[in-house]
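Quick caveat, the model's predicted, so the values are computed rather than measured. Numbers restart at 1 for each chain; the letters A, B, ... are given by sequence-line order, proteins then strands.
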Amino acid sequence: MTESSIALKAQGSRGVVPWKQVLLLGSVVALVLGIGLGADSPFLLSLAGYTCGFALFAVSVNVMLGGIGEVPLGHCMFFGIGAYAPAIAMNHLGLPYEAGILLGMGFSAVLAVLIGWLTLKLTGAYFSIVSWGLSGVAMVTALNLEITGGPLGLFGFTRLAIGPFDLSDPRTYFFATAAILLLVLIVLANVRSSRFGNALESIRQGRHLAQSLGINVFRERLKALVFSAPIAALAGALCIPYTQIVTPEVMSVLRTVDALLAVLIGGTGLLFGPVIGAVIFTILPQFLQFDPNVKVLVFSLIIIFIMVVAPGGLHQLFKLIERRLEKRSEGRA
Amino acid sequence: MDLLVQTIINGLILGSGYALVAVGLTIIFGTLHIVNFAHGAFFALGAYAVLQLENAGIPYLLCIPLAVIVVAIIGFVLELTIVQRALYDRGEHGSIIITFALSQAIVAAIVLVIGPDPLPVKSPFGQTAISVFGFFISAQRLFIAGTSIAVLMGFSLWLRYSIKGQQILAISQNPKGALYSGINVPRLRALSFLLGVSAAGLAGGLIAPLISAFPTMGDANVIVAFTVVILGGLGSIGGALLGALVIGLANSMFETYVSVSWTPALGWILVIFVLLFWPQGLLGRPELNRH
């Protein structure tokens, strides 16, 4: 932990207003308003909305990766459940979109309890393989069931709206997803500095030590999964207004890989890391007009490069450069 | 009764093919303690190498060893540039991400260079089936099974009786101790990585005529290989063979008697159950698995 973050925490506990965070929040809100009101192209706005949804998924993946240090390859399953739930609710059950979102989040949380209870005793590659496996099963299930529309998927949704906000309008869509993303980030920031957040951090750094200090490692890991699954489901639901269709492909492991890339580009240690990564990951290829495969190739190579040079992401890379520069200036003085 | 015997034969033949895909995975895990998520990509590289060589007019049986060499060279370059620098003696989560990213990059590169569509690979065995006591066995599958058993035996004997093999076993048990005993650890790690990915390439080249070559062909096979390796116990070659035969049988039984469209889920469900209830596998060492 760096000195500044300790100082920040000490400040928070004394009840002083954390100016740095307020400033950050303000500038982010200003940025969102700027983009939302400034941009005119519906395409750009809905892309920005989708980016926020995708960032939400990356944030959820980072709860696992940055939180407890596991690689949840099968996290796309929760994303898929979140996408399928409103689709099924609207097309088969006659329920509105919001109800579907809540159903998906609830279902994914229940499923996360079950899955976590079974699998979180495993760590490392074993957890990743089982997690990948579960998403594989989920995808085959979606392909074979009738209620999911089989390989064709579900489409032709009636009204994609949350309360009075109609998400088929690109500007509303962007504002809604950005607001939800911001809300989740604020919750997460509070969770991070809570007892639970500290327990997670200690487990990530050394599970045996954490256990010896009286932390119930298994339970805290389970909590992390149950906490992150509904966020992934929410992300899945929020991507529907952009994609307009839900196919078994939403559960493809490639989606998790995309999110992992976003997380790693931004850095696992930073709360905003996944969001920055997601923005780079979705916006840049659009402007460069990349073929999807070139995109995968380039970003995979970037990931490998980051992991080889700076496993902490761009964030760490910047810090590394900063420290080098500081050292150089000290040397001169 | 006839159907049952035919199903069992199919299963065993299928399983010995799986063993070939799995053996590379198990060697790399046994020595380097890395779960190589890029295994499927090397599998695809092997298949595409055979395809390209065949298009150049080289007969299939000669293509196979050449393709293995091509894959070994690619593996060597990647070992030198990436694996060596980033994977050894680092945390597990880095190796998962890097090998996964590597696999994505290789698959994307294949799509860009050759194209996304499945391409047929010709083999002299073609679609012919040999009839034994009234039961049919595909000639290509028999060829795969034979090669697979030969390769697995070769690997086990080599690990047990050659000096290099013994050194690799020493590294897998205790890398630092091996280093202090004067074993060239980096070179032998590179060697086991090469052997592992070459085995994947060989499997790809052999299985390609059955399923034709497409960029993501490795995915389904590496998933099966994970099942096999975990069932057999990561790091054990005998276990890989045993696991492969069990999975082969299970798959062919399921396909015949239950459902074809749900078969892809079977492999996953088996992996999950094995990991949950039997994490050390059939022949694995228990201490490797739960941390």
Side-chain angles (χ1 to χ4, degrees), chain A residues 64-65 68-71 73-74 115 118-119 121-141 143-144 150-151 204 207-208 252-254 256-258 260-261 263-264 268 291-309 311, chain B residues 29 33-37 78 81-83 85-87 90-112 116 215-216 219-220 223 226-227 229-230 234 259 261-277 279 288-291:
Chain A
M64 298 297 287
L65 187 67
I68 63 173
E70 299 289 359
V71 184
L73 285 177
I115 290 173
L118 281 171
T119 63
K121 289 188 185 91
L122 303 167
T123 57
Y126 291 85
F127 174 78
S128 301
I129 293 171
V130 170
S131 165
W132 186 13
L134 285 167
S135 77
V137 174
M139 195 167 153
V140 175
T141 309
L143 269 170
N144 281 303
R204 192 183 62 77
R207 45 188 274 123
H208 297 296
S252 153
V253 73
L254 280 176
T256 316
V257 174
D258 287 353
L260 282 175
L261 297 186
V263 170
L264 290 169
T268 52
D291 176 271
N293 288 299
V294 180
K295 181 177 119 176
V296 173
L297 184 62
V298 168
F299 279 99
S300 304
L301 292 178
I302 292 176
I303 282 309
I304 293 170
F305 179 75
I306 290 177
M307 290 299 290
V308 172
V309 179
Chain B
F29 182 84
H33 300 283
I34 293 172
V35 176
N36 181 17
F37 283 89
L78 291 175
T81 48
I82 298 167
V83 178
R85 284 156 197 258
L87 293 195
R90 288 246 197 122
E92 228 175 327
H93 104 219
S95 76
I96 297 170
I97 291 166
I98 292 181
T99 53
F100 214 95
L102 196 58
S103 116
Q104 299 299 320
I106 293 174
V107 169
I110 291 176
V111 174
L112 288 172
T216 53
D219 286 1
I223 290 161
F226 273 135
T227 334
V229 163
I230 289 166
L234 271 167
S259 149
S261 58
W262 285 88
T263 307
L266 178 72
W268 284 125
I269 292 169
L270 284 172
V271 173
I272 294 162
F273 271 86
V274 170
L275 267 183
L276 292 180
F277 299 114
L288 289 178
N289 301 289
R290 288 197 187 210
H291 296 267

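Neither the backbone nor the side chain of A:V298 comes within contact range of chain B; no heavy atom of the residue lies under 4.5 Å from a heavy atom of that chain. If you measure heavy-atom distances from A:T141 to chain B, the contacts under 4.5 Å come from both the backbone and the side chain. Both the backbone and the side chain of A:L134 come within less than 4.5 Å of a heavy atom of chain B. The part of B:L112 that comes within reach of chain A is its side chain, from C-beta onward, which places non-hydrogen atoms under 4.5 angstrom from that chain.
Interatomic distance, OG1 of B:T99 versus CD1 of B:I82, reported as 11.0 Å (0.5 Å rounding). In this structure, CD1 on A:I68 lies 9.0 Å from CZ on A:R207, to the nearest 0.5 angstrom. Distance CE/A:M64 to CG/A:L260: 11.0 Å, rounded to 0.5 Å.
Between A:W132 and B:F37, the ring planes are tilted. Angles from 30° to 60° get that label.
No other option in A:S135, A:S300, A:S128 has as many heavy-atom pairs under 4.5 Å with chain B as A:S300. Of all the listed residues (A:I303, A:V257, A:L261), the one sharing the greatest number of non-hydrogen pairs under 4.5 Å with chain B is A:V257.
For the pair B:I97/A:L65, a side-chain contact is recorded, criterion being any heavy-atom separation below 4.5 Å from C-beta on.
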